[in-house]
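Excluded from the calculations below are hydrogen atoms, water molecules and symmetry mates; all remaining heavy atoms, backbone and side chain alike, are included. A, B, ... follow the sequence lines: proteins, then strands. Residue 1 opens every chain.
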Amino acid sequence: MLLLLLIGSDLQTKLIIFTIFFSCAVCAIFFTSYFFSLLIQRREDEIKKIREDRESLLLRLLFEDNSEESNDEILAGYKEFSPIVKGNYLGKKKRKLLRQMMIDEMLKMKKNLSGAGVEDLYKLYDKLSLHEDSYRKLETKKYQLIVMGIRELSEMNFKTYYRFIYRCTNHPQEDVRIEAQVAIVRLFGVKGLRFLSIVTYAISEWQQMTLLHLLNNMKKDKPKGFDKWFDSKNDSVIIFSLRLAEMYNCLEFLEKIQHLLHHPNDTVKIQSVFCTRNIYDESTEPQLLAYYPIVNKPVRMAILVVLQSLSTDLSIPFLYKQLFDNDVEIRFCILKVLHRLCESIDIINVIENEPEKKESIVRMLEQIKSEEHIYN
Amino acid sequence: MKILIVEDETMTLKMLSMKLKKDGYEVIQAEDGRMAMEYIEKEGCPDMVITDIMMPFFSGLEVVEKVRKQLLSKIPIIVLSAMGQEESVSSAFALGADDYITKPFNPNELSMRVKRLIGL
Amino acid sequence: MYWEVWFFYFFTYGILIYSIILLSAYMLIGVYSVFENIQHMKKHGFTDYSMVASSAVVPAISILAPAYNESATIVENVRSLFSIYYNNLELIVINDGSKDDSLQKLIDAYNLIKVPYFVNERVTTKPVRGVYKSTNAAFKKLTVIDKVNGGKADALNVGLNIASKKYVTCIDVDCILEQDALLRMVKPFMSNPDKRVIATGGVIRVANSCEVQGGKITKVHVPKDILARIQTVEYIRAFLLGRMAWSKLNGLLIISGAFGMFDKEIALTVGGYDTKTVGEDMELIVRMRLYMEDAKLPYAVRYISDPLCWTEVPISYKILWRQRDRWTRGTVETLWTHKKMFFNRKYGVLGLLSYPHWFFFEFMAPIIEFTGWAFFIVYAMLGMIEWHFYFLLLILIMCFGYLFSAFSILIETFTFRQYKEKRDVPKLLIAVLLEPFIFHLFVVGAAIRGILKMLLKETTGWGEMTRGGFTKKESTKG
C-alpha cells in the first residue's frame with residue numbers, strides 16, 4: 001500500500017511520506033538504542049555478580065583449608081559442579097554459564113599464581129570436570145570457540161586432547177593456528193616444537209616472541225629437530241630455529257648456522273649473524289669479515305653489531321678500510337667496534353686525508369666515549 | 001600480628017590476604033599507597049608491610065621510603081614486583097626493603113618469607 | 001528568465017541528489033564498518049598482552065615529545081612519560097627553542113648534562129644546539145634535545161634523526177594512554193609476515209569528565225558539557241562507522257595526530273614531516289603510503305580499534321573554531337599536495353576510493369552545504385521558496401543524520417560499551433538531537449573559513465606553536 005502511495009503521487013506527497021517514514025525510523029532507533037543499552041547493562045551486572053561469586057568460591061577452595069573434605073563440603077552447595085541427576089536440574093544454559101565463569105576465573109587467577117598454587121588450580125579443573133566444557137568448544141565450527149577451548153585446556157595443563165591441538169598447529173585460520181602452537185609449547189615445552197617440522201604458514205615475529213617468552217620460563221632441555229628445521233622451506237621456521245639455537249646455546253650447530261649466512265633471504269642471514277653472538281669459534285670472526293663485502297646494508301649492520309663483542313685485533317685492518325664508507329650509520333657502527341680495539345688517535349690518523357669524514361668521525365668518537373663514561 | 005598489604009590489583013590483594021589469614025596473621029588491605037599511609041598515620045605502624053612496587057599515583061617505592069625515612073620505622077618490608085623490574089627492586093632495597101617476591105607469586109614461598117621476617 | 005528557473009531547479013535537486021549520494025556513501029561505509037567491528041569483537045580478547053608486557057623481548061620504541069614554552073608543566077609531563085608501562089623505551093624530548101626556562105627546569109630535575117653527539121641529519125632541520133643525557137642511571141631512557149625554534153614538524157624531524165629504535169611514536173602529552181596501548185600499537189608491525197606495516201593508529205576517545213588517577217582513566221563518564229558530548233558522538237560515529245571500514249580496505253588516509261606509530265626508516269626515507277603544513281601527521285602518512293605504492297612494495301597501515309588514547313576536546317566555541325579551521329587546512333593542504341592520486345588507478349584503493357571519497361564527501365560537503373544555505377537565503381528573500389517543500393527536505397536530511405548518529409550509538413552499545421551508566425545513552429541521544437542546531441553549522445563555518453584561508457593564502461604552518469607537544473589546551477577541562 002505504501003508503495004502504491006509512493007508511485008502514484010506527486011513529489012510533495014512523496015516527500016511527506018519519506019519524511020514520516022524516516023522520522024519513525026529515527027524514533028525507532030533511538031528507543032532501540034536506549035532499550036538495548038539497559039538490557040545489556042542488566043545482563044552485564046548479572047554476569048558481574050556471578051563472576052564475583054565464582055572468584056570467592058575459587059579463593060575459598062584454594063586458600064582456605066585445602067583438604068579434600070572441606071572442598072567437597074563447599075562444592076556440595078553448587079549444583080553446576082555435581083553430575084546431572086534427577087532433581088538436580090539447573091537449566092542447561094545456566095549450568096553452562098556458571099561453569100564457564102568458573103573456568104574464566106581460574107584462567108585469571110593463574111596469571112597471579114605460581115608454584116604450588118597453580119598445581120592446585122590444575123587439580124581443581126580436573127576434579128570439576130571442566131575440561132569437558134573446554135573440549136566441547138573444540139567440536140564446534142566457530143573458530144573463536146575453538147581458540148578458547150584450546151587456550152583453556154592448555155592453560156589448565158590438560159593434555160588428553162593434545163592430538164587435536166597438534167593438528168591445529170598448521171590450521172589455515174590464523175588465530176587457531178597461533179593459539180594451537182602456543183598451547184602445544186605450553187603443555188609440552190620444547191617437545192612441543194615438533195610442529196616446526198610441519199608448519200607451512202609463516203610464523204610472525206609476534207608469535208616467535210610469544211613462544212620464546214614461554215620457553216624462557218620453562219626447563220632448559222634442548223629442542224630436538226634442528227636438522228630438519230634449518231633446512232625448512234619455510235623461512236620463518238629457519239629464523240625461529242636460529243633464535244632457539246641462540247637461546248639454548250647449541251654450539252653443535254655452529255657449522256650449519258654459518259652455512260645459513262649464505263641463505264637467499266636477508267632476514268635469515270641477519271638472524272644467523274646474530275646467532276654468532278653466542279655460537280662461535282675462532283673461524284667466526286674471519287668468516288664474518290670475508291662475508292661483509294658481499295652482503296647489503298642491513299646484514300652489514302648486523303655483522304658490525306656482533307663484532308662489537310666478537311672482534312679481535314684481526315678485524316682492525318679490514319675495518320680501517322671500511323671506515324671510508326659513505327654511509328653515516330655504517331661508519332658509526334664501525335667506530336663502535338674500533339673504539340674497543342684501538343686508540344682514537346690511531347683511528348683518526350687513518351682518515352687524515354678525508355677532512356669531511358674525519359670531522360664526523362671525530363664527533364662520533366666523542367659521543368661513543370661519553371656514552372661509556374656518563375654514569376661514572 | 002598485623003600485616004599491611006598494599007596492592008592495586010584486586011585479585012592479587014585478595015589472594016595474599018587469604019593466604020596470610022590462613023597462616024594466622026591479621027591482615028589490613030590497602031589498594032594504594034595513599035590509603036596505606038592514611039592507615040599508618042591513624043593506627044600506627046603494623047608489624048609488617050607487603051607492598052607492590054608498580055602502582056599508579058603513589059608507588060611502592062614511595063611507601064618504603066616514607067616508612068623508613070619519615071617514620072623511621074624498622075618494621076620488615078617485603079616488596080612485590082613483576083618480572084623484568086630488577087631496577088625497581090634494587091631501588092627498593094636501597095631505600096630499606098628487606099625482601100622481595102616476584103609476581104606471579106607462589107603462596108608457599110610467601111608464607112616462608114613472611115615467617116622468616118616476623119615468625120609465627 | 002529561463003536560465004534563472006533552470007538554475008533554481010538545478011540547485012535544489014542538485015543538493016538533494018548530492019545529499020542522497022553522500023548519505024548513501026556514509027551508510028555503505030557504516031554498514032561495512034559494522035561488519036568489521038563485529039569480526040573484531042569476536043577476535044577481541046584473544047591476544048594475551050599481559051604475558052608479553054613485561055618480557056625482555058618486546059620491540060624497542062622511541063617516543064618523541066616536542067615541547068615549546070611549557071616551563072610550568074614540563075617536568076611533570078616528562079615524569080608521566082617515565083611511568084608508561086613498557087619495557088623497552090627511549091624517551092626523546094625536543095625543546096623547540098623555548099623562550100622560557102623549560103630546558104633549565106629539565107636539566108635540574110633530571111640531572112642532565114650536555115653530551116657530545118653526532119646528529120645524522122637524514123632530514124634537514126633547524127640547527128641542534130645540544131643533546132642532553134642524565135647522569136642518573138634511573139633516567140637512562142631520557143634524551144633531551146635543544147634546538148633552534150622551527151615548529152612542531154621540525155622538532156619531530158630532529159627526533160626522527162636522533163631516534164635509535166625501529167619504531168617511533170609521537171604522543172601528545174594531552175593524551176592519556178591505556179596501559180597496554182604501546183603494546184597494542186606495536187603488535188601489527190610484528191604480526192604481518194607478508195606485508196610491511198608502515199604505520200599504526202589508535203582510536204581517540206573523549207576524556208572530558210572522565211576520572212583520571214595517576215595518569216590513568218579510572219572511570220568513564222559521558223562529558224557534562226554539551227559541546228563535548230556532541231563531539232563524543234562525532235568521534236564514535238567517525239571511528240565506529242568509518243575508520244574500521246577504511247582500515248580493512250587498506251585505504252585509511254588519516255591516523256589521528258594525537259597517537260600514531262611509524263616505521264622510522266620509511267618515515268626518514270620519505271623525508272620526515274613536512275614543515276610547511278598544519279596537518280603534518282596526516283601528510284606524512286599519505287606520503288609514506290605513496291612511497292610504498294610507487295615502489296610497489298606490499299604494505300599496510302593498520303588501525304587498532306580498541307580505545308587506546310583519551311584526550312580532552314574543546315568546550316569553548318572559540319577553541320573549537322580554531323581546531324576545526326586547522327583540521328580543514330591540514331586536510332586540504334595534504335590533499336592538494338598529493339592530488340596526483342585523484343582517480344589514479346596506479347594507486348589502487350587510495351586513488352580510486354579514499355581520495356575521491358575525501359574530496360567529494362569531506363572536502364566538498366561543507367562547501368556545498370554553505371552554498372546551499374547561501375542560495376536558500378537569497379531565494380527566500382526573492383520569495384521563490386516553497387516553504388513546506390524545503391521544510392520537509394530539511395527534516396528529511398536531518399532524519400538521515402539522526403539515523404546515522406543514533407545507529408553509531410547503537411553499535412557502540414553492542415561493541416565497546418564505554419558508557420555504562422543508565423543515563424548515558426539518553427544523554428548521548430539528546431546530544432544527537434541538538435547537534436544540527438548548535439554544532440553542525442558551526443563546524444561547517446569553521447571549515448569554510450579554513451578553506452578560504454587556504455585560497456587566500458593567509459597563514460601557513462603553526463605560526464608560534466600554541467598547541468602540540470606538552471601544552472595543555474587552554475580551558476578545555478569540563
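Only the side chain of C:F400 comes within contact range of chain A, with heavy atoms under 4.5 Å apart. The part of C:V432 that comes within reach of chain A is its side chain, from C-beta onward, which places non-hydrogen atoms under 4.5 angstrom from that chain. Within the 4.5 angstrom heavy-atom criterion, no atom of A:Q208 approaches chain C. Contact of A:E366 with chain C is made through backbone and side chain together, with heavy-atom distances under 4.5 Å.
Tested against A:D325 for a salt bridge (charged side-chain N to carboxylate O under 4.0 Å, His left out), the candidates A:R300, A:R331, A:K357 yield a single pass: A:R300.
Between the A:R186 side chain and the A:N157 main chain, no donor and acceptor come within less than 3.5 Å of each other. With C:N161 contributing its side chain and C:R122 its backbone, the two residues share a donor-acceptor pair below 3.5 Å.
Crowding of C:R129 atom CZ: a count of heavy atoms from other residues, nucleotides or ligands under 6.0 Å exceeding 12. Other residues, nucleotides and ligands place more than 12 heavy atoms under 6.0 Å from the NZ atom of C:K165.
Among the candidates A:Y201, A:F332, A:F30, A:F22, the residue making the largest number of heavy-atom pairs closer than 4.5 Å to chain C is A:F30.
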